[in-house]
Amino acid sequence: MEPLVKHEGKVVCMNRVNVDTDQIIPKQFLKRIERDGFGEFLFYDWRYEPNGNPRPSFELNTERAQGASILLADANFGCGSSREHAVWALQDYGFRVVIAPSIADIFFNNCFKNGVLPIVIDQQVRNELAQSHERGEWERMTVNLADQVLETDHGQRIAFDVDSHKKYMLMNGLDDIGLTLQYQAEIEAYEAKRKAYQFVY
Amino acid sequence: MGKTLFQKIWDAHVVKQLEDGQALLYIDLHLVHEVTSPQAFAGLRFANRSVRQPTQTYATMDHNVPTVNPSDVRDAIAKKQIETLMENCRDFNVSLADLDSPHQGIVHVIGPELGLTLPGKTIVCGDSHTSTHGAFGALAFGIGTSEVEHVLATQCLWQTHPKTMRVQLNGSLKPGITAKDVILGLIAKYGVNFGTGHVIEYAGTLIPSLSMEQRMTICNMSIEFGARAGLIAPDETTIEYVKGRAHAPQGEAWEAAVAEWKELRSDADAQFDVDIVFDIDDLEPQVTWGTNPGQGGSVNGFVPNPADAKSDVERRAIAQALEYMGLEPGTRISDIPIQHVFIGSCTNARIEDLRLAAAVVKGRKVADGVHAMVVPGSKQVKQQAEAEGLDKIFKEAGFEWREPGCSMCLGMNPDIIPAGERSASTSNRNFEGRQGRGARTHLVSPAMAAAAAIAGHFVDVRTFEVEGVTA
């Protein structure tokens, strides 16, 4: 996994609540057995007309959004299906950071497994950021995971919380399985004292 | 201070607690299906790892499966995904209920049916509706594919301690009101992200009267409430359901397990982070009008007006939903015509659901211009329904009677609804494009879906005379 310590990039705003993972990556693209190449299908039904032409009004299709790597989303982002394909699509498209006032649990966890940093900030702060972005007051943001602070290119600084374990894993690009296997002895000890109904087959 | 049911299960499964708050949790049962597992098995192969506990892992295929002739998978990419699951299960010694197995079906239907789902277990699956299994007093939640790989390799999962919520469901189910109406009503009242970050325990005076299948319907849609998981303390109904099932413990192991399970309840003085009461005595049959499961209300209500929204965010959300759904504010819900009826999914495709729907359609005909289908949740459900003659009732009424799978709940197989057409669906999500690009989904109970099929539009099932059965 690619580590993330500090990321500087262009921001795109999405002013929609309850964006579910069916929108992020529609079901017709879940049949592939590979992990890569999902970026071209990101937000497919919103991004393209039924005839395959880009829908000009969609947030990611504006000229200003080209090259964005930070998504400023709204409440309950990533709700619905557990499909990790949603994160694979965002990451493959080029996003490294998703910022929202609330983020659905499974999607939130899936982000960390793929080198994408999900950040939860206050709703009011989010709205003000979106408004000043819309007014053209700023374009880019630096996300400093080490110091847990965001800074826009017009100088607004916002501190954020992050779970210390997830932060450590992401900053070092570590694989969870590798960490877990260090606790092999504990797992074996646990298995030795399991109740029959936990594993009787 | 006492412990919650959730806390008791959690504590019994912590393998290692780290100081930074992460707990390594032991997973008793890992359910696997074809869509979210291929990349996980590929990861194991790449790292030369094996499945740690193949006998605590159980796979089936459900999402992609065609429901007319399941073995005739014409979509080459879907076929490859199904074959990949077969190959992975063979190579890693994982039990698989394949298309030829009498046990194949929707993963959340077959787990309980086979006695794999048991009280007190930790259960995961790469599918958000894993919350279904919480109905047994198990801690069950959906995970992503990276976590699927992690559980395959280690039989454990790193977790941060969630918050707890108790939802007290008080009252009783009146005729025509189902468990589906309870959960839809709850989500409509509180919103789709009310449960985010929480594990819910459903309690209250309603619970003891509910069958296991009704409990599963409620726990199933915990995810639509935003929750990590939903669970219900096991009782005699639970134990009676589990007893004698294929993978349930037998003999002495059974007695020991039952003794354990009787302790699985929240202590009287246990504290929850959030505690709410939802009164269901006045609940009416629910129909969603929007594009998330919280955008709904009574069948006797009206499509809302965005102008009446309490906030700007809500106004935009309603306006966007109505545009997609092709609905005008103020339209009576019961005046909305439908072209499709889908009775199926991990929410509502069990035998009691089919009985309920059959009781409504018996001796009646599907309205002109309506395409209606029943997709049983599993081979066993299908077999039972046929033994009871339910298939005949449906077919005589003009329904299609299909083979088991997820089907039109998410339309990964050929069962999709054309753009602009409208369905009454017993599934769990009315997201844009969920049942097909441009398709308009209204979530309802099996009884309400059946009534809509007959009427050609939504109708309060309580006004239907139903022979011998209170819906």
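Chain naming here is simple, since letters A, B, ... match the order of the sequence lines and numbering starts at 1 in each. Treat the numbers as computed from the prediction; the structure is a model and nothing was measured.
A:K167 contributes atom NZ, which lies 12.0 Å from atom CG of B:D20 (distance to the nearest 0.5 angstrom). Taking CD of B:E147 as the start and NZ of A:K113 as the end, the distance is 4.5 Å to the nearest 0.5 Å. One distance of note links CG of A:L179 with CG of B:L18; it measures 7.0 Å at 0.5 Å rounding. To the nearest 0.5 angstrom, B:I223 atom CD1 is 4.0 Å from A:I106 atom CD1. In this structure, the separation between CG on A:D105 and CZ on B:R228 is 5.5 Å, given to the nearest 0.5 Å. For the atom pair CG of B:L85 and CD1 of A:I33, the computed distance is 11.0 Å after rounding to the nearest 0.5 Å.
A salt bridge between A:D175 and B:R49 is present, with a side-chain N of the basic residue lying under 4.0 Å from a carboxylate O of the acidic one. Salt-bridge annotation for A:E191 and B:R52: present, with a side-chain N of the basic residue lying under 4.0 Å from a carboxylate O of the acidic one.
Aromatic ring centres of A:Y197 and B:W261 lie closer together than 6.0 Å. Taking the ring centroids of A:Y183 and B:W158, they lie under the 6.0 Å cut-off.
Chosen from B:G197, B:A317, B:G43, the residue pairing most often with chain A at heavy-atom distances under 4.5 Å is B:G197. For the set A:L30, A:N114, A:V17, A:D20, the count of heavy-atom pairs under 4.5 angstrom toward chain B peaks at A:D20. When each of B:V15, B:L157, B:N428 is scored by its heavy-atom pairs under 4.5 Å with chain A, the top score falls to B:V15. For the set A:S102, A:S81, A:S164, the count of heavy-atom pairs under 4.5 angstrom toward chain B peaks at A:S81. Contact count against chain B (heavy-atom pairs under 4.5 Å) is highest for A:I187 among A:N18, A:L181, A:I187, A:N110. Taking A:Q184, A:Q28, A:R16, A:Q23 one by one and counting their heavy-atom pairs under 4.5 Å with chain B, the maximum is reached by A:Q23.
Using a 4.5 Å heavy-atom threshold, the side chains of B:R437 and A:P50 count as touching. When side chains are defined from C-beta on, B:T145 counts as touching A:W88, because their heavy atoms get closer than 4.5 Å. Within the 4.5 Å cutoff, the side chain of B:V192 has no heavy atoms near those of the A:C79 side chain. Between B:Q22 and A:D163, the closest side-chain pair of non-hydrogen atoms falls below 4.5 Å. Looking only at side-chain heavy atoms (C-beta outward), B:E432 and A:D45 stay at 4.5 Å or farther from each other.
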A:R32 vs B:K80, test: side-chain contact (heavy atoms from CB on, under 4.5 Å). Steps then yes/no.
CA-CA 8 Å; A:R32 299 169 69 248; B:K80 173 80 178 158; over 6 Å; no

Test side-chain contact (heavy atoms from CB on, under 4.5 Å) applied to A:K195 and B:E260, step by step
CA-CA 9 Å; A:K195 305 279 184 344; B:E260 288 266 339; 2.8 Å; yes

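Only the side chain of B:R316 comes within less than 4.5 Å of a heavy atom of chain A; its backbone N, CA, C and O stay farther away. Residue B:L114 does not touch chain A at all, counting heavy-atom pairs closer than 4.5 Å. In this structure, the portions of B:E149 lying under 4.5 Å from any heavy atom of chain A include both its backbone and its side chain. Only the side chain of B:Q320 comes within contact range of chain A, with heavy atoms under 4.5 Å apart. Interface remark: B:A257 contributes backbone and side-chain atoms alike to the contact with chain A (heavy atom separation under 4.5 Å). Residue B:A78 touches chain A through both its backbone and its side chain, counting heavy-atom pairs closer than 4.5 Å. Neither the backbone nor the side chain of B:E34 comes within contact range of chain A; no heavy atom of the residue lies under 4.5 Å from a heavy atom of that chain. Only the side chain of B:Q155 comes within less than 4.5 Å of a heavy atom in chain A; its backbone stays farther off. Of the two parts of A:Q182, neither the backbone nor the side chain holds a non-hydrogen atom closer than 4.5 Å to a non-hydrogen atom of chain B. When heavy atoms are compared at a cutoff of 4.5 Å, B:T84 approaches chain A solely by way of its side chain, counted from C-beta outward. Residue contact with chain A, scored on non-hydrogen atoms closer than 4.5 Å, involves the backbone of B:V14 exclusively. For chain A, no part of B:E83 is nearby; none of its heavy atoms comes within less than 4.5 Å. With a threshold of 4.5 angstrom between heavy atoms, B:D75 approaches chain A through side-chain atoms but not through N, CA, C or O. Only the side chain of B:T160 comes within less than 4.5 Å of a heavy atom of chain A; its backbone N, CA, C and O stay farther away. Interface remark: B:H13 contributes backbone and side-chain atoms alike to the contact with chain A (heavy atom separation under 4.5 Å).
Crowding of B:E252 atom CD: a count of heavy atoms from other residues, nucleotides or ligands under 6.0 Å not exceeding 12. Within a 6.0 Å radius of CD in A:E188, other residues, nucleotides and ligands contribute more than 12 heavy atoms. Around CG of A:D161, the count of heavy atoms belonging to other residues, nucleotides or ligands within 6.0 Å does not exceed 12. No more than 12 heavy atoms of other residues, nucleotides or ligands sit less than 6.0 Å from atom CG of B:N48. Crowding of A:K10 atom NZ: a count of heavy atoms from other residues, nucleotides or ligands under 6.0 Å exceeding 12.
Between the side chain of A:K27 and the main chain of B:L410, a donor-acceptor pair closer than 3.5 Å is present. Between the side chain of A:E186 and the main chain of B:K16, no donor-acceptor pair closer than 3.5 Å is present. Between the side chain of A:K31 and the backbone N or O of B:M412 there is at least one donor-acceptor pair closer than 3.5 Å.
The heavy-atom pair separating B:Q56 from A:Q198 by the smallest distance is NE2-O, 3.8 Å.
A side-chain donor-acceptor contact under 3.5 Å links A:E84 and B:S146.
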